[in-house]
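Structure record follows, encoded as structure tokens.
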Protein chains: 2
Amino acid sequence: MGETIQSVERAAAILRLLASGPRQLGVAELARALGLPKGTLHGILRTLVRVGFVEQDPATGKYRLGATLLHLGSSYLDVNELRTRAINWADALAGRSRESAWIGTLHEGHVLVIHHVFRPDDSMQTLQVGTYLPTHASALGKVLLAYDPYGETLVPLQPHTKNTIADPGLLETELELVRTRGWAAEMEELTEGEVAIAAPIKDSRGIVVGAIGIRGAVERLAPEGVLHMEFVSYVRDAARAITRDLAR
Amino acid sequence: MGETIQSVERAAAILRLLASGPRQLGVAELARALGLPKGTLHGILRTLVRVGFVEQDPATGKYRLGATLLHLGSSYLDVNELRTRAINWADALAGRSRESAWIGTLHEGHVLVIHHVFRPDDSMQTLQVGTYLPTHASALGKVLLAYDPYGETLVPLQPHTKNTIADPGLLETELELVRTRGWAAEMEELTEGEVAIAAPIKDSRGIVVGAIGIRGAVERLAPEGVLHMEFVSYVRDAARAITRDLAR
DNA sequence: ACCGCGCGTTCGGCAATACCGAACCGCACT
DNA sequence: AGTGCGGTTCGGTATTGCCGAACGCGCGGT
């Protein structure tokens, strides 16, 4: 692989840093974080402001992400073929299961949510498209890890609830189970009271390119801790349908 | 204003071009569009691929937007203060009016949708956050134009339906009306059968920083072509509440 | 009231940097 | 086979954007 352009890489690093927290960052902070002189950073920031990728708070002088990025991000959704093909099936899945439906892909060690259908008759939810879920503590993530051809580098297994699988060995046996069953469950391992189910979506060559699943209250999906298998078949049906659609 | 960094500006231009249509673009196409040598573009593209802003189709070699941008875009939503403050009020507005609620800002001659609450009891809608609405053919846009301190350069007034205001003079009198009334309506000017209402959101200095509104079927919001004024007050109440909130 | 620190910003010289154009390779269509 | 069009590579060149020091400002401690 060849060389890359320094200033563009640095610009990307700045954007990632600005996106890493809701806080606005100043030139000095960025300079310290990236180990670069202030003047250098200022030049890149000035350019990023001009193209709308970054905005500067007129009061404090600090920098934050710009609105153009929101538009670029939503344009990505139009381009993404998996999402385009899967949208209708996700709607159907949400309708049948009466729970929220989710589609995700593996991205930089996280599950990137590329589609999210709200639970029917419950509109007071915030949309999660574009956010990350942890791979080890979500059903989507387990599916994606289990079928990951590259054996993704595991980030530290951060615990979220008392049920989170935080031990690498345990996670590996769980992934083995996912591979043999062909679907994954997550029982209050990310949020207390919430349960999720997911299954893999494959492309025409049989490679797993994403996962689809549902997520909802434990009382509905798994009363007394036992999953209702009908939900599992809803999810697997949807996953198979999309896979078939992609093969066409 | 000082100089800007060439390569970063070019990288941004590439991203904008890739976002302008759902089609994937090749090096040669980009080179022609931007008037740059192929080699130069390839270098920038290679870098953009490395940082995840762009993906390359392994089959065709063509380029498309990358998943990292989706994540950056959603991070913008966390940073955006207007949206953070307005979310709850938008939920309330959607609940009271039983229609979909929208929040938008002026951005590069368009209305950028920064929040969107689905109509209650109707989840089969696609989320429009991050997309553009035309300024002259949407209620949000009319509000933003009417109160725009910079007198935004008007893009050509493209007609969408037979009701679209396509004449600059007529639009100006309409904006005058918006300024005197303090709110805007849009009667099937963007989509047949749909009507919208919007009102301005101001910051602590009284400058309009966004607009909030609702949108729905003409039968419900304006039967026989006459707006139900209760909807107007819902919208204006929400706008005033957010304005008050921002002043705090 | 003052001083000093930290901030964002400016500037100009230097050399490293990233442009550029021509050549390369593979594919598809003629 | 040939030809044109894709994406990619490469090395010389001078343009480019880095860098570090200096500036102006606002704030908080003294």
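Chain letters run A, B, ... following the sequence lines, proteins first and then strands; every chain starts at 1.
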Rounded to the nearest angstrom, tell me the gap between atom CZ in Arg46(A) and atom C1' in dC19(D).
13 Å

Are OP1 or OP2 of dC19(D) and a side-chain N or O of Arg10(A) less than 4.0 angstrom apart?
yes

Distance test, side-chain N/O of His42(A) to OP1/OP2 of dT9(C), below 4.0 Å
yes

Is the Trp102(A) ring parallel, tilted or perpendicular to the His116(A) ring (thresholds 30°, 60°)?
parallel

Please determine whether any donor N or O and acceptor N or O are separated by less than 3.5 Å between the side chain of Lys62(B) and the base of dG7(D).
no

With the threshold set at 4.0 Å, does a side-chain nitrogen-carboxylate oxygen contact exist between Glu29(A) and Arg23(A)?
yes

Measure up the His71(A) and Tyr132(B) rings against each other and bin them: parallel (under 30°), tilted (30 to 60°), perpendicular (over 60°).
parallel

Given the C1' atoms of dG11(D) and dA16(C), what is the spacing between them in whole Å?
15 Å

In terms of ring plane angle, is the pair His160(A) and His136(A) parallel, tilted or perpendicular, where the classes change at 30° and 60°?
tilted

Is there a side-chain contact between Tyr63(A) and the phosphate of dC7(C), meaning an N or O under 4.0 Å from OP1 or OP2?
no

Distance in angstrom units between Leu36(A) CG and dA16(C) C1', rounded:
15 Å

Taking the same atom, C1', in dA21(D) and in dT17(C), what whole-Å distance lies between them?
22 Å

With a non-hydrogen cut-off below 4.0 angstrom, is Ser7(B) in contact with a base, only sugar-phosphate, or nothing?
sugar-phosphate

Could you give the CD1-to-P distance, from Ile44(A) to dT17(C), as a whole number of Å?
13 Å

I want to confirm an ordering. Mapping Gln6(B) and Leu25(A) to their closest nucleotides on DNA chain C, which one lands closer to the 5' end?
Leu25(A)

Euclidean distance, atom CD of residue Glu9(B) to atom P of dT15(D) [Å, nearest integer]:
19 Å

Side chain of Lys38(A), base of dG20(D): donor and acceptor closer than 3.5 Å?
no

Contact class for Gly39(B) (heavy atom, under 4.0 Å): base, sugar-phosphate, or nothing?
base

Tell me what Glu29(A) touches on the nucleic acid: a base, only sugar-phosphate, or nothing, going by heavy atoms under 4.0 Å.
nothing

Rounded to whole Å, please give me the gap between CD1 in Ile14(A) and C1' in dC18(D).
13 Å

Nearest to side-chain heavy atoms of Val27(B), which nucleotide of dC7(C), dC19(D), dT8(D)
dT8(D)

Would you call Glu9(B) and Arg16(B) a salt bridge, taking side-chain N to carboxylate O under 4.0 Å as the test?
no

Rounded to whole angstroms, how far apart are CG on Leu34(B) and P on dC19(C)?
13 Å

Tell me the interatomic distance from Asp57(B), atom CG, to dG6(D), atom C1', rounded to whole angstroms.
13 Å

Ile5(B) CD1 to dT17(C) C1': how many Å, rounded?
12 Å

